[in-house]
Number of protein chains: 2
Amino acid sequence: MIPENELKELFPSFEPALLHEMAQHCSVRSFQDGDMLMKTGSYIRSSMVILSGLVKVLRADEEGSEYFMYYIEPGQACALSMTCANKQNISELSAKAVGDVELITVPLDKMDQWMMQYKSWYQFVLGTYRKRFEEMLTTLDHVAFRNMDERLVFYLKQHSQKLKTNIIPYTHAEIAGELNSSREVISRLMKKLADRGMIKMNRNEIEIINLDSVL
Amino acid sequence: MIPENELKELFPSFEPALLHEMAQHCSVRSFQDGDMLMKTGSYIRSSMVILSGLVKVLRADEEGSEYFMYYIEPGQACALSMTCANKQNISELSAKAVGDVELITVPLDKMDQWMMQYKSWYQFVLGTYRKRFEEMLTTLDHVAFRNMDERLVFYLKQHSQKLKTNIIPYTHAEIAGELNSSREVISRLMKKLADRGMIKMNRNEIEIINLDSVL
DNA sequence: AATGGTTTGTGATAATTGTCACATAGTTAT
DNA sequence: ATAACTATGTGACAATTATCACAAACCATT
């Protein structure tokens, strides 16, 4: 049972009746850093809304290549779980906990019911879609139109912003994986950024100095 | 005023009351082949649902490069116009009529109202999101994971299927534009496909013979 | 301090794609 | 029929990215 006042803080726009129903019908699940919340190909049985922590969403193809798509933050939901859930569907994305994550699962029937009953829920769901859609467009833009150097800078910016730190605790190999590139390419591009004073490289982490430099 | 029985055919799942409201509150707009229904950067004032014809949706960046995203068919809606419309928003995509197109525009307030009032409308909107989301994922997959030869084959397949013909009436330069590649690259790849007997090339068109060959 | 594992650096080379220059072949209008 | 235009073919070359091989640096454990 979820404390209603906690929900109220995270979702100030929700009607009291909706918050009450959420507390009653949703259950909380906890994940640890690195846990997979969802794997490509697994069934989706409920919608998920993040309470705390960060969730990283990746597209993964059959052969194991993956591509970073976007982060889901507290107070946001997984768009895929919301639509897919409708028709007992298979996930096309994988989601990974970054740090410890708490989330609530919303049963499918409640999902539908609230949609027609509570305007704030409907707006929440639609807003979620819009946000994800826009993020996917940005991702597509970068893959379609930009070279790896720009994509790397964007990747670093994004992560610095979402992780709320200028230290990105990833290895070159990990970053290469999420950009569907190879470790050597990323290492070389990193070196260029470091030479221009935009980052500092340490083992297992990248320190961001200034990525907006127009030198 | 739209004839209700025409709507009923296209949307068999909609409640009679909803069909009646649609006929009353929506207006029909017609476009000719090549017309832009929506341009990147323009405001969205209403949601659009296609009655007849095909609509091609492209992502275009600031410098004029573009990338083909998906087709919208009769009985389907533009997901972007549905969410963006909510908050007087700017389109991130451009949409072009392929052949003559008839569509209905749904006022924003009705959009919201029906969402909570008619279950069939809610399911329609959610289905639209899901479909577009999946199509965008497929597009992203190809750009991120596939080489140009595979992307070209997929492009040809997709268009053949949606245009319901095995003659694709595009020039190499047009196809190159929609795949954000260059004319020469597409010409050379086309030649390879032709050499393998998968297509036949004529001026201004590509005839598809068999794109599934695993020779 | 020595060992083994992981991370990063780097040169050589290949594969893919983009770009330029120009040739050739159809099409259209005069 | 000729000129002008558009579409396509092609060689040469550049840029970007991928791949391989191996070296060097760093870390943890014993």
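Proteins get letters first, then strands, A, B, ... in listed order; numbering begins at 1 in each.
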Contact span of DNA chain C against chain A, any nucleotide atom under 4.0 Å from a heavy atom, 5' to 3', runs C:dG5 to C:dA12
Do B:D212 and B:K157 make a side-chain contact, defined as non-hydrogen atoms from C-beta onward lying under 4.5 Å apart?
yes
Donor-acceptor pairs under 3.5 Å, side chain of residues 173-180 of chain A to any protein atom, not counting sequence neighbours: which ones?
{"residue": "A:E174", "atom": "OE1", "partner": "A:T171", "partner atom": "N", "Å": "2.9"}
{"residue": "A:E178", "atom": "OE1", "partner": "A:K56", "partner atom": "NZ", "Å": "3.1"}
{"residue": "A:E178", "atom": "OE1", "partner": "A:Y155", "partner atom": "OH", "Å": "2.6"}
{"residue": "A:E178", "atom": "OE2", "partner": "A:K56", "partner atom": "NZ", "Å": "2.9"}
{"residue": "A:N180", "atom": "ND2", "partner": "B:A144", "partner atom": "O", "Å": "2.8"}

Report the relative orientation of the aromatic rings in A:F68 and A:H159; use parallel for angles under 30°, tilted for 30 to 60°, perpendicular for over 60°.
tilted
Partners of B:F11 by ring-ring contact (aromatic ring centres under 6.0 Å, His included), sequence neighbours excluded?
B:F14, B:F124
Any chance you could measure A:Q161, atom CD, to A:Y71, atom OH, to the nearest 0.5 Å?
11.0 Å
For the pair A:D141 and B:R59, find out whether any cationic side-chain nitrogen is under 4.0 Å from an anionic carboxylate oxygen.
yes
Set out, line by line, the N/O atom pairs under 3.5 Å between protein and nucleotides 4-6 of chain D.
{"residue": "D:dT6", "atom": "O2", "partner": "B:R203", "partner atom": "NH2", "Å": "2.9"}

Between C1' on D:dG9 and CE on B:M201, what's the gap in Å once rounded to a whole number?
9 Å
All side-chain contact (heavy atoms from CB on, under 4.5 Å) counterparts of A:D100, not counting sequence neighbours:
A:Q32, A:D33
side-chain hydrogen bond (donor to acceptor under 3.5 Å, both in side chains) partners of A:Y70, counting only residues at least two apart:
none
Rounded to whole angstroms, how far apart are CD1 on B:I206 and C1' on D:dG9?
13 Å
By side-chain contact (heavy atoms from CB on, under 4.5 Å) - contacts of A:E205 (at least two apart):
A:I167, A:N202
I want to check something: taking the side chain as every heavy atom from C-beta on, are A:S27 and A:T105 in contact at a cut-off of under 4.5 Å?
yes
Taking side-chain hydrogen bond (donor to acceptor under 3.5 Å, both in side chains) as the definition, give me every residue that meets it alongside B:S30, ordered by chain and number, with sequence neighbours left out.
none
Residue list, side-chain hydrogen bond (donor to acceptor under 3.5 Å, both in side chains) with A:R146, at least two apart or on another chain
B:E62
Output the residues of residues 183-190 of chain B in contact with DNA chain C, where contact means a heavy atom of the residue under 4.0 Å from an atom of the strand; sort by number or write none.
B:E184, B:V185, B:R188
For DNA chain D, determine which residues of residues 147-160 of chain B have any heavy atom closer than 4.0 angstrom to one of its atoms, and list them numerically.
none
For B:E73, what residues pass the side-chain hydrogen bond (donor to acceptor under 3.5 Å, both in side chains) criterion, not counting sequence neighbours?
B:K162
